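The shown structure was predicted, so the numbers you read here are calculated from the model rather than taken from an experiment. One-based numbering, in listed order, for ligands and for the atoms of each.
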Amino acid sequence: MNGKPWDGRFGEATDRRVEAFTSSIRVDSRLYRYDIQGSVAHCRMLAHCGILSEKEAEALVDGLEKVRAEIERGELAYDDRLEDIHMHIEDRLRGLVGRVAAKLHTARSRNDQVALDVRLYLRDAVGDILKLVARVRTCFVDLAEKNIDVILPGYTHLQRAQPVLLAHHLLAYYEMFTRDAQRLREGLARIDVMPLGAAALAGTTYPIDREYTARLLGFSRVSRNSMDSVADRDFIVEFLAAASLCMVHLSRLSEELVLWSSREFGFIELPDAFATGSSIMPQKKNPDIPELIRGKAGAVFGHLTALLCTLKGLPLAYNRDMQEDKQPLFDAVDTLSACLGIVAAMLPALRFQQQRMRQAASEGYLNATDLADYLVEKGMPFREAHGCVGRAVAYALEKGCELDQLNLEELRAFSDLIEEDIYEALSLEQVVNRRNSTGGTSRENVVAAIQRAREELRTDNSETSGRKP
Ligand code: ARG
């Protein structure tokens, strides 16, 4: 009387406001491809196990392919009365193949169906995101290689601290995005579990073969507990956590690009094609891309929190609350993908202002630690050397010059351990290259790090592209 699958038990039609409120079609329609892929595998398994005849299964599979084509041509109209993508597809299938369509849902519930769809979707989405992360990582290695001799100040507390190679700074981001890739890849192992066959929550009475379905769909494992199968959204939370951290890294990068492109820093020139102007101030060139990335990060963290909150109070097994997992998931995938994509496009176009960076690294006593280290090498205990150099800095400040601009006589007033070779020790190149402890900024280290990163990217790329369907 209502056209609902549950009509049998109901005495009146669903209120239109309820249909509008409970419908998720506007969000979950994007799962259509995975829903059909899952249904096709389900049909084949049912035939394989003799639950459907081969002929019935073929009719269903044919019909499902037709529905897919219709959706892709934009011919399927969405209707809140049909609630979600699962019911839209089944309804259209009935229109196309008639009564046999009613057999598709044998040994299945929407509860395990939606869990399957989201896993299929996320497996693909993570694969795509991994490719984007690899592109961003490659950008950093390329930039590091291209700018291997550029020196800039390294900062702590946003105060100039010690000179570093620009390449070293860039490779710090390479490390962050490499961890992001690892996290996303590790999460795949827990996405890669086939839930179908849990049915509503308790399993099914039909003699199904879940391993068969899993093989058809390219899953490595089937879920082990039917209740957990329909209640588990951990894999989405893990993805959102990994996505959030990746957004943190993108946002920190963005903050540096905003700072560096300011007149105050002047370390980079944003390419015109990746900046925007002002509608009132003709001189302006604004870093809107990094600002938007920084701005969008918050929403992704919000999605992680939203899903955690949705799940925390839920009794086993499926609850309708879980329908609210998709909007945050989809938005996180879209936001992260868009940010990674634009960063991969923008990074190669950045122009670094080498002179400006070098100038900044030469001013502000960034070699003070090196003067102290020099004294320690000549036998002075470090704390004493620290005090001694502190006095030298105060003197130079007073005089308005750098440490290496003091003459030997002035320097020797602070310690007679200081000799002519001090000027060499305080030069920018020396200061950088002597930091050759493992992971330090010396040129030799950084060149080796670039080589290592190249090899890592090669293996990662062959793993990612070698993945199954
Ligand atoms: N649209 C639902 C979701 O996204 C599908 C599962 C519905 N199950 C149910 N028992 N109403 O979670």
Side-chain angles (χ1 to χ4, degrees), residues 2-10 13-39 41-42 64 67 71 76-93 102 104-125 191 193-204 223 226-237 239-240 303 306-334:
N2 195 8
K4 298 278 195 279
W6 53 83
D7 267 356
R9 186 233 184 276
F10 280 59
T14 317
D15 190 297
R16 289 246 303 283
R17 289 162 298 187
V18 173
E19 289 177 333
F21 185 75
T22 55
S23 165
S24 57
I25 185 61
R26 262 147 261 278
V27 174
D28 61 26
S29 61
R30 76 190 255 176
L31 290 175
Y32 80 89
R33 209 150 32 97
Y34 304 103
D35 197 70
I36 289 172
Q37 189 188 357
S39 288
H42 182 63
L64 285 164
V67 179
I71 294 176
L76 191 74
Y78 295 134
D79 182 343
D80 284 340
R81 280 171 302 182
L82 288 167
E83 261 191 25
D84 52 29
I85 189 63
H86 325 296
M87 306 234 279
H88 275 78
I89 289 171
E90 198 184 315
D91 182 74
R92 185 62 196 125
L93 183 65
L104 175 64
H105 216 49
T106 312
R108 188 175 74 172
S109 149
R110 275 187 297 158
N111 298 350
D112 54 348
Q113 185 178 0
V114 72
L116 173 69
D117 291 7
V118 175
R119 284 174 183 276
L120 286 168
Y121 161 80
L122 196 49
R123 188 173 70 178
D124 270 7
I191 294 170
V193 178
M194 209 290 296
L196 214 61
L201 78 165
T204 174
S223 57
S226 63
M227 296 181 77
D228 182 47
S229 309
V230 294
D232 172 23
R233 295 293 184 272
D234 295 5
F235 63 100
I236 306 180
V237 172
F239 168 77
L240 291 174
H303 296 325
L307 185 59
L308 286 168
C309 294
T310 295
L311 294 175
K312 77 180 266 292
L314 297 186
L316 289 180
Y318 178 83
N319 301 271
R320 191 64 179 270
D321 315 44
M322 293 170 131
Q323 181 167 291
E324 298 302 309
D325 60 357
K326 286 168 213 66
Q327 179 104 46
L329 172 60
F330 295 160
D331 189 68
V333 168
D334 292 345

Got more than 12 heavy atoms from elsewhere within 6.0 Å of CD, E19?
yes
Does a side-chain heavy-atom distance below 4.5 Å link R16 with R81?
no
When you measure from atom 11 (N) of ligand 1 to every protein heavy atom, which one gives the shortest distance, and what is it?
R110 NH2, 3.6 Å
Look at R233 together with D321 and state whether they make a salt bridge at an N to O cut-off of under 4.0 Å.
no
Identify the protein heavy atom lying closest to atom 10 (N) of ligand 1, giving its residue, its atom name and the separation to 0.1 Å.
N111 OD1, 3.2 Å
List every atom of ligand 1 that sits less than 4.0 Å from any heavy atom of S24, numbering the atoms from 1 in the order shown and giving each element.
1 (N)
Report yes if some heavy atom in the side chain of Y121 is under 4.5 Å from a heavy atom in the side chain of V333; otherwise report no.
yes
One finds that the ligand 1 atoms under 4.0 Å from a non-hydrogen atom of K326 are 3 (C), 4 (O), 12 (O)
Ligand 1 versus Q113, non-hydrogen atoms closer than 4.0 Å: side chain, backbone, both, neither?
neither
Mind running side chain to side chain donor-acceptor pair (under 3.5 Å) on S39 and R108 for me, showing each step along the way?
CA-CA 10 Å; S39 288; R108 188 175 74 172; 2.9 Å; yes
Mind checking whether H42 and L116 have side chains closer than 4.5 Å, heavy atoms only?
no
What protein heavy atom lies closest to atom 7 (C) of ligand 1? Include the residue and the distance to one decimal.
Y318 OH, 3.5 Å
Which heavy atom of the protein is the closest neighbour of atom 2 (C) of ligand 1, given with residue, atom name and distance?
Q323 OE1, 3.3 Å
Using a 4.0 Å cut-off to any heavy atom of D84, which atoms of ligand 1 qualify?
1 (N), 2 (C), 5 (C)
